[in-house]
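Accompanying notes for the structure given below.
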Amino acid sequence: MYFTTDPAPSQVRALPLYKTLLCFACVLILVVNGYFLLRNLDGLKAANALQERTSQVTDELQHLNLLVTDAESNLRGYFLSNSESYLGSVQAAPARIGQQLDKLGTLLADNSSQQKNLVQLRSLVERQLGMMQQAMTIYRQGGIEDILAITGAPGDNDSDEIRLQVVIMLSEQNELLNARSAAFYGQYRHAVMLGLGINAAAIAVLLLFYRLVRRSFGARKDAEHALQQANEQLESIVVRRTEQLSVLSRHLIHVSEEEKTKLARELHDEMGANLTAIGMDLNSVAEQLRGTRPDLVAMLTRARSTLVDTVQLKRRIVEDLRPSLLDNLGLSAALQSYCEDYARVTGLDCDVLVDGDIDAAGPMHAIALFRIVQESLNNIAKYAQARNVIVHLEREGAVLGLEVTDDGIGIPSDAFARSKSHGLLGMRERALLLGGKFEVERGVNGVGTCVRASIPLGAGITAAPVPGTVAGALPDYTRQEQSEGGGKSPHMAAPIPSPVLPAMGNDDLGELAPR
């Protein structure tokens, strides 16, 4: 896996050239298809208009023929019955027929052939109307006998010519309609074929787009899969590194406790023996010079006082490294003593509640719980602004449970994520080192902070026993330090105390006691 610190490349917002060309091709195909659809619509509109005009021409021609025929019939009825009632339609026929011919002229204005036929039809109709007027005049002058003698049946030949001319015009109009329909059908067929071609081209472009989209989708899925694999590998690396760091942290805690134990033993044994020897020599020299050199005796007395302070300092250092009460009297007594000194130094009310046989815990369990209590009380004194602290330690079966509760301002929810939360992380690692659990949360009703730890007995790492001790406990420092000296109750140099031995009298200084 490769990582780079180069800045991220700028995002390319434009499509590739071939995708852009495909988009334009698809748009062009759609535009052409729309153009031909409009042309087909115009052709269909023209065909409908022609059919409608043909239908009107047919109706008008039939109406004209009906007017002429009706005028002839009424004229014959007038001739036969001599009734004036028949003359109304005959007299109105010229005007009505004229209007009908004008309508036909308007409808056939764009057809020169039909215009010629219409002129011929107009001539025939006018001649027929003139003959009817002439026949009516002859009838009024001489009667029906004169008309029959002159014309026989009035207007028969002209009527036949008119009907023939109407039929001719209807035939030509129908032929024009059929020709126009055939042309429109051919144009429509051509448009359909072109539309099918355009649709085929559009389908081909869509298929090409589908392939491109599918390829892009496949590439994206491959990239997502590769990214997922990279993330999984990175997560596995992080988990492995985290586990290694956790193991290292627990190992360092274990090594630190072992080094503290070793250093406390060496300070107690080596340094204690040296301080005892120095004290004995100072007492011997002071005794020899008491009568002759009182000034040197005073100096030796001051040196002996400094030696006593050094013994106390050594005792505090040893107690900080490894509480002697923890190894000699057990976890309960060590916590009681430490909390009493803590309450005296900080001024807080610190109570210790112990339930069950907690002294049965092994050395590693005892020191882990003691360090957790020590760090918790240290944090309370620094940050909590509390007035009361309760340390509750109990044993439930094979599990040791610890609760440290205060009534302070509480702890932030992101305390573990902060960069300076080494104390909390150390407490958690101590609990995890022995297979336990550790959690920090708000106290009761959201007031203060509650630190909980549970450690199973018989789990985790067991300390190697120190020579001369049982189960890794340190040697009994109390009697040896009584031989080294000491007459004052040990005091604490830091605000957060360490467990100390009970106060000893002046006789505990042994050879260092002034005389």
Side-chain angles (χ1 to χ4, degrees), residues 38-81 83-140 147 151 153-188:
L38 290 176
R39 286 194 59 184
N40 291 338
L41 182 62
D42 293 338
L44 181 62
K45 184 177 180 181
N48 290 333
L50 179 62
Q51 184 175 4
E52 182 179 358
R53 184 181 301 173
T54 301
S55 177
Q56 290 179 358
V57 169
T58 302
D59 293 340
E60 296 299 335
L61 287 174
Q62 290 177 355
H63 190 200
L64 177 63
N65 189 24
L66 180 63
L67 289 176
V68 173
T69 303
D70 184 62
E72 291 178 351
S73 299
N74 287 325
L75 182 61
R76 289 190 181 95
Y78 173 70
F79 289 161
L80 295 175
S81 63
S83 174
E84 297 290 337
S85 60
Y86 290 100
L87 294 179
S89 59
V90 176
Q91 294 174 353
R96 296 174 64 184
I97 291 174
Q99 294 177 356
Q100 201 69 20
L101 290 173
D102 293 338
K103 288 182 180 180
L104 287 172
T106 303
L107 293 175
L108 300 175
D110 58 345
N111 193 332
S112 59
S113 176
Q114 289 287 70
Q115 283 287 344
K116 294 179 180 179
N117 293 329
L118 182 61
V119 170
Q120 187 176 0
L121 177 63
R122 184 186 294 272
S123 175
L124 292 174
V125 169
E126 290 178 351
R127 188 176 64 179
Q128 179 72 7
L129 291 176
M131 291 179 64
M132 292 175 64
Q133 290 294 332
Q134 184 180 3
M136 189 170 56
T137 302
I138 295 174
Y139 176 78
R140 288 176 179 176
I147 294 175
T151 61
D156 288 340
N157 296 329
D158 293 335
S159 297
D160 293 337
E161 291 180 356
I162 292 173
R163 285 193 289 271
L164 179 61
Q165 188 66 29
V166 168
V167 170
I168 292 173
M169 292 182 66
L170 289 176
S171 300
E172 289 190 4
Q173 192 68 26
N174 290 330
E175 289 178 358
L176 178 62
L177 177 62
N178 293 331
R180 293 285 182 86
S181 298
F184 173 73
Y185 176 76
Q187 183 181 1
Y188 181 75

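Keep in mind that what you see is a predicted model, and the values were worked out from it rather than measured.
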**Study point:** Approximate separation, where rounding is to 0.5 Å, of Lys116 NZ and Gln120 CD
**Key:** 11.5 Å
Check your understanding: Run the side chain to side chain contact (heavy atoms under 4.5 Å, CB included) check on Leu64 and Leu121 step by step: do they pass?
Key -> CA-CA 10 Å; Leu64 177 63; Leu121 177 63; 3.5 Å; yes
Revision key, fill the gap. So CG of Leu61 and CG of Leu66: to nearest 0.5 Å the spacing works out to 12.5 Å
Check your understanding: For Val167, does its backbone N or O pair with a side-chain atom of Ser171 as donor and acceptor, under 3.5 Å?
Key -> yes
Check your understanding: Quick one: OG on Ser112 to CG on Asn117, what's the gap to the nearest 0.5 Å?
Key -> 10.0 Å
Point to revise | Atom pair CG/CD1 of Leu129 and Ile97 - distance to nearest 0.5 Å | key: 4.5 Å
Point to revise | Flag for Glu175-Asn178: side-chain donor and acceptor within less than 3.5 Å | key: no
Review point. About how many Å separate CG of Leu164 and CD1 of Ile168, when rounded to the nearest 0.5 Å?
Key: 4.0 Å
Exercise for review: Please test Leu108 against Met169 for side chain to side chain contact (heavy atoms under 4.5 Å, CB included), starting from the C-alpha separation and ending with a verdict.
Suggested key: CA-CA 10 Å; Leu108 300 175; Met169 292 182 66; 3.5 Å; yes
Review point. Which atom names give the shortest non-hydrogen contact between Gln115 and Ala109, and what distance separates them?
Key: NE2-CA, 3.0 Å
Review point. Could you walk me through whether Arg122 and Asp102 pass the salt bridge (Lys or Arg N to Asp or Glu O under 4.0 Å) check?
Key: CA-CA 10 Å; Arg122 184 186 294 272; Asp102 293 338; 3.7 Å; yes
Review point. What heavy-atom pair brings Val57 and Leu104 nearest, and what distance separates the two atoms?
Key: O-CD2, 4.0 Å
Point to revise | Shortest non-hydrogen contact from Gln56 toward Leu107 | key: OE1-CD2, 3.2 Å
Practice item. Decide yes or no on side chain to side chain donor-acceptor pair (under 3.5 Å) for Asn65 and Gln62, but give the supporting numbers first. Key: CA-CA 5 Å; Asn65 189 24; Gln62 290 177 355; over 6 Å; no
